[in-house]
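Here is the naming used below: chain letters follow the sequence lines, and residue numbers restart at 1 for every chain.
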Number of protein chains: 2
Amino acid sequence: MGIPVLNNNIPDDELDKIMDNAVLAANFLKAIGHEGRLLILCHLATGEKSVTELESLLSTRQSAVSQQLSRLRLEGLVTPRRDGKVIYYRLTDERSRRIIDIVYDLFCSEI
Amino acid sequence: MGIPVLNNNIPDDELDKIMDNAVLAANFLKAIGHEGRLLILCHLATGEKSVTELESLLSTRQSAVSQQLSRLRLEGLVTPRRDGKVIYYRLTDERSRRIIDIVYDLFCSEI
DNA sequence: AGGATATCCTAATAACTGTTAAGAGATGAT
DNA sequence: ATCATCTCTTAACAGTTATTAGGATATCCT
C-alpha cells in the first residue's frame, strides 16, 4: 500500500532544518500543485514527449505548455533533449518519478 | 533511502484516473505548498498544539493562523480537539504524517 | 464576565496564469 | 548563402486569485 513512514517523531533539530527549508519546499510544492503541470508529469511518466505532443495531450496552447515546462525545469523535475527541431522532455530522475508515484498513491490508489 | 517506486509504466487507464484527480491533487498540493501552513504541519508533527501556541511559534496573528488552520482542516490534514477554552490541533492521521515525512525526506534528509 | 477561537470584512499587495508577439535554433529548398 | 518554415522559448501585458493585515464580531466554554 505504499510509502513507509520514516519516523513518527521528528526531533526538534531536524524540525529546525525543515523550517529553514520551508520556503524551498513550499516553492517546490507550488510547482507541482498545478493541474497542468501535474498532468505533464503524469504524461512524462509513460515516456518522453515533445512539446507539441504535450500541447495536444493537454489541449493547451504551446506557449503555455512551454511555460509550465520551464517551471518544472526550474525545479529539476524534467529534462529537455533536443533532436533536430523537436525538444523532448522526460522526467529527470527517480526523484521525479517518486513524486508522481506519491501523488498517484495519495489520490488514485484509494478505492 | 525511502519511498518505493510503484511502477515505471503507469497504464493508460490509470493515467486517466490520475487526470480525473488532477484538480483534486493540485488543490491539495496548493494547500501544503504554503510556507506558513507547512510550518504548522511541521510543528504539529512534534505533537498537539493549541492555536495560541502556534500563534507564538509562528509569530503570526491569531486570525491568520486560524485561517491557515481552516484551510488545512478543509483538506483533512489536521483535526481539532477542544479542551475547555482551548482548541488543540493535531495531524489527522498517518496520511498527514506521511506527507510531512515525504517533504522532510525530499528537502531535509539530503546531505 | 472573560479568555480562546473562528469568522467576516475590507483594503493592499503579491503571486500565478494564459495570451500575444517577438526571438532563437534547426532544417530544407532555392 | 539566403530564405522560409517549423519548433520552441521568452518577455511583456492583463486578468484572476491568494495572501496578509487589521479590526470587528460572534461563539463556545469556564
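Heavy-atom distances under 4.0 Å link DNA chain C to A:R61, A:S63, A:Q67, A:Q68 of residues 61-75 of chain A, given in residue order. Of the residues in residues 79-92 of chain B, those lying under 4.0 Å from DNA chain C by heavy-atom distance are B:K85, B:V86, B:I87, B:Y89.
Scanning for side-chain contact (heavy atoms from CB on, under 4.5 Å) contacts around B:T92 gives B:T79, B:S96, with sequence neighbours left out. B:R73 pairs by the side chain to side chain donor-acceptor pair (under 3.5 Å) definition with B:Y89, not counting sequence neighbours. With sequence neighbours left out, A:K30 forms a side chain to side chain donor-acceptor pair (under 3.5 Å) with no residue at all. Scored by the side-chain contact (heavy atoms from CB on, under 4.5 Å) test, A:E75 finds A:N27, A:F28, A:A31, A:R71, A:L77 as partners (sequence neighbours excluded). By the side-chain contact (heavy atoms from CB on, under 4.5 Å) test, A:R81 is found to be paired with A:E48, A:D83, A:Y88, A:R90, residues two or more places apart in sequence or in another chain being considered. With sequence neighbours left out, B:S63 forms a side-chain contact (heavy atoms from CB on, under 4.5 Å) with no residue at all.
Distance B:H34 NE2 to C:dA14 P: 15 Å, rounded to the nearest Å.
Of all the heavy atoms in B:V86 and B:S50, the pair that sits closest is CG1-CB, 3.4 Å.
Residue A:H43 holds its NE2 atom at 11.0 Å from CD1 of A:I100, rounded to the nearest 0.5 Å.
Using a cutoff of 4.0 Å between basic side-chain nitrogens and carboxylate oxygens, B:R98 and A:D105 are scored as salt-bridged.
Residue pairs meeting the salt bridge (charged side-chain N to carboxylate O under 4.0 Å, His left out) criterion with at least one member in residues 59-70 of chain B: none, sequence neighbours excluded.
At a threshold of 4.0 angstrom between heavy atoms, the contacts of B:K30 with the nucleic acid are absent.
Along DNA chain D, the stretch of nucleotides lying under 4.0 Å from any heavy atom of chain B spans, 5' to 3', D:dT19 to D:dT30.
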